[in-house]
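Data block below; observations after.
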Amino acid sequence: MTTQRSTALITGASSGIGAVYADRLAARGYDLVLVARREARLLALAEQLEQRYGVKVATLTADLTDETGIRAVEEHLRSNTAIDTLINNAGTAQMAPFLAGDVAQHQAINMLNTTALMRLTYALLPRLAQNNRGTLINIASVLSIHARAGSALYSATKAWVLNFTRGLQEEFADSKVRIQAVLPAATATEIWELSGITADDLPAGSVMTTDNMVDAALAGLDQGELITIPPMHDEALWTRYEEARLALFASARTGEPAPRYLTR
């Protein structure tokens, strides 16, 4: 009897973080399904990985800002029973004042960063639950816990990804399904070409390479982390953040208006 090899589907796989995930998982012996809009890049990467690691690499050209593209990937996730790992990496940003973009631009960003991620997760998660095994990795951002002028939409979508992932982690806490949220800070990817600012605009030394980002994220996964922030050195910061978050939530369960809101 032969054991079926694990297969990972990676969105946004033609470059940047997605391409590095593809390389690292191929090195671990995973077969791959690479999803992105740029077919030529996907095919070139697939050939390279097959030759280097001897794994099977399929490609699926799809635009996840589009209903047709989302449906194509959903169908593949449901029909390819070898897939037991999903990396929801595809995402984009427009770092500009909200009113500087039009509604269609904002809707496309929201569709890609949240709706597509939710639907692809829904397409695979029933099988992971039934088999009580598998891995889901959702790429969020440190901007999921911070917002500033110019990041209103992006921060909101990444906060959605973080909370969606945390809710799923609670639901599957007693299972063997691994669910991880990764919160990169500034990373050297092509997203900067689309966002409206460049990596050169950021503080010197603050931009992480994609290799370091993915290697740290996978190390966090191997260590059982639920939330991985690759450039965060002081883990106590996250502990204090969590304590404050839970205390704030608990403080809101009194059922009574706070005294400062009571009129005399």
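Nothing fancy with the numbering, it's 1 onward along the sequence. What you see is a predicted model, and the numbers here were worked out from it, not measured in a lab.
Side-chain atoms of Val73 and Leu64, non-hydrogen and from C-beta on, do get closer than 4.5 Å to each other. Looking at Arg5 and Val55, their side chains come closer than 4.5 Å, going by heavy atoms from C-beta outward. Within the 4.5 Å cutoff, no side-chain heavy atoms of Asn110 are placed close to those of His106. Side-chain contact between Leu34 and Leu60: absent, with no pair of heavy atoms (C-beta onward) separated by less than 4.5 Å. Proximity of Ser175 to Arg133: side-chain heavy atoms (C-beta onward) are nowhere separated by under 4.5 Å. Using a 4.5 Å cut-off on side-chain heavy atoms (C-beta onward), Ser155 and His146 make no contact. Between Ile87 and Thr11 the shortest side-chain heavy-atom distance does not fall below 4.5 Å. Between Val33 and His76 the shortest side-chain heavy-atom distance falls below 4.5 Å.
Taking a 6.0 Å sphere around CG of Asp234, one finds it holds more than 12 heavy atoms contributed by other residues, nucleotides or ligands. The number of heavy atoms from other shown groups lying within 6.0 Å of CZ (Arg52) is above 12.
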(request) Could you walk me through whether Thr59 and Glu39 pass the side-chain hydrogen bond (donor to acceptor under 3.5 Å, both in side chains) test, one step at a time? (result) CA-CA 8 Å; Thr59 64; Glu39 183 177 24; 5.9 Å; no
(request) Quick one: do Ser15 and Arg38 satisfy side-chain hydrogen bond (donor to acceptor under 3.5 Å, both in side chains)? Show the steps, please. (result) CA-CA 9 Å; Ser15 65; Arg38 296 174 292 193; 2.9 Å; yes
(request) Walk me through it: do Val182 and Tyr21 pass the test side-chain contact (heavy atoms from CB on, under 4.5 Å)? (result) CA-CA 12 Å; Val182 179; Tyr21 263 111; 3.9 Å; yes
(request) Given salt bridge (charged side-chain N to carboxylate O under 4.0 Å, His left out), test Arg245 with Glu242 step by step and report yes or no. (result) CA-CA 5 Å; Arg245 181 182 66 85; Glu242 282 293 276; 2.9 Å; yes
(message) Working note: Met118 + Trp160, criterion side-chain contact (heavy atoms from CB on, under 4.5 Å); need CA distance, chi angles, decisive distance, verdict.
(response) CA-CA 10 Å; Met118 178 274 292; Trp160 187 98; 3.5 Å; yes
(request) Give the intermediate values and the outcome of side-chain contact (heavy atoms from CB on, under 4.5 Å) for residues Leu49 and Leu32. (result) CA-CA 9 Å; Leu49 295 175; Leu32 301 172; 3.7 Å; yes
(message) Please evaluate residues Leu136 and Phe172 with respect to the criterion side-chain contact (heavy atoms from CB on, under 4.5 Å), reporting the C-alpha separation (whole Å), side-chain torsions for both, the decisive distance (0.1 Å), and the verdict.
(response) CA-CA 11 Å; Leu136 170 65; Phe172 285 83; over 6 Å; no
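The two residues Pro231 and Ala185 come nearest to each other via the heavy atoms CG-CB, 3.8 Å. Nearest approach of Ile139 to Val161, heavy atoms of both residues: O-CG1, 4.1 Å. Closest of all the heavy-atom pairs between Thr65 and Met111 is O-CG, 3.7 Å. The two residues Ser141 and Lys158 have their closest heavy-atom pair at CB-CG, 3.7 Å. Across all non-hydrogen atoms, the minimal contact from Ala13 to Ala36 is N-CB, 4.0 Å. Across every non-hydrogen atom of Ala62 and Val35, the tightest pair is CB-CG1, 4.2 Å.
The NZ atom of Lys56 sits 6.5 Å away from the CG atom of Asp31 when rounded to the nearest 0.5 Å. Rounding to the nearest 0.5 angstrom, the gap separating the CG atom in Leu153 from the CG atom in Asn113 is 7.5 Å. To the nearest 0.5 Å, atoms CG (Leu43) and CD (Gln48) are separated by 13.0 Å.
Leu117 and Leu77 fall within a single hydrophobic cluster, where Ile, Leu, Val, Met, Phe, Trp and Tyr are joined by side-chain heavy atoms under 4.5 Å apart, directly or via other members. In this structure, Val177 is a member of the same hydrophobic cluster as Leu168, with clusters built from ILVMFWY side-chain heavy atoms closer than 4.5 Å. Hydrophobic clustering keeps Leu86 apart from Ile10 (ILVMFWY residues linked when any side-chain heavy atoms are closer than 4.5 Å, directly or through intermediates). Tyr30 and Leu120 fall into different hydrophobic clusters, where Ile, Leu, Val, Met, Phe, Trp and Tyr are joined by side-chain heavy atoms under 4.5 Å apart, directly or via other members. Note on Leu125 and Leu9: same hydrophobic cluster, where clusters join Ile, Leu, Val, Met, Phe, Trp and Tyr whose side-chain heavy atoms are under 4.5 Å apart, directly or indirectly.
A donor-acceptor pair shorter than 3.5 Å cannot be found between the side chains of Arg41 and Ser14. Looking only at atom types and distance, the side chain of Thr228 has a donor-acceptor partner in the side chain of Glu225 under 3.5 Å away. For the residue pair Asp84 / Ser6, a side-chain donor-acceptor distance below 3.5 Å is found, with atom types taken as modelled. There is a side-chain donor-acceptor pair under 3.5 Å between Thr165 and Asn138. Looking at Thr209 and Asp211, their side chains never bring a donor and an acceptor atom within 3.5 Å of each other.
Other cluster members for Leu183: Val142, Ile145, Leu162, Leu226, Ile227, Ile229, Met232, Trp238, Tyr241, joined by side-chain heavy-atom distances under 4.5 Å among Ile, Leu, Val, Met, Phe, Trp and Tyr. The other members of the hydrophobic cluster of Leu99, by chain and number, are Phe98 (side-chain heavy atoms under 4.5 Å, ILVMFWY only).
Looking only at distances, no side-chain donor or acceptor of Ser151 sits under 3.5 Å from a matching main-chain atom of Tyr154. Judged by distance alone, the side chain of Arg166 and the main-chain N or O of Ala181 form no donor-acceptor pair under 3.5 Å. Remark: side-chain polar atoms of Gln105 are paired, donor with acceptor, to backbone N or O of Asp102 under 3.5 angstrom. Gln169 places a side-chain N or O within donor-acceptor distance of the main-chain N or O of Ile179, the cut-off being under 3.5 Å.
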Side-chain donor-acceptor pairs of residues 246-256 under 3.5 Å, sequence neighbours excluded:
unit_1	atom_1	unit_2	atom_2	d
Ser251	OG	Leu248	O	2.7
Thr254	OG1	Glu256	N	3.2
Thr254	OG1	Glu256	O	3.2

Atom pairs and distances, donor-acceptor, side-chain atoms in residues 215-222, under 3.5 Å, two or more places apart:
unit_1	atom_1	unit_2	atom_2	d
Asp215	OD1	Arg24	NE	2.6
Asp215	OD2	Arg24	NH2	3.3
Asp222	OD1	Arg28	NH1	3.1
Asp222	OD2	Arg28	NH2	2.9

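Using a cutoff of 4.0 Å between basic side-chain nitrogens and carboxylate oxygens, Arg119 and Glu75 are not scored as salt-bridged.
Partners of Thr7 by side chain to side chain donor-acceptor pair (under 3.5 Å), not counting sequence neighbours: none found. Taking Thr61 as the reference, nothing meets the side chain to side chain donor-acceptor pair (under 3.5 Å) condition, with sequence neighbours excluded.
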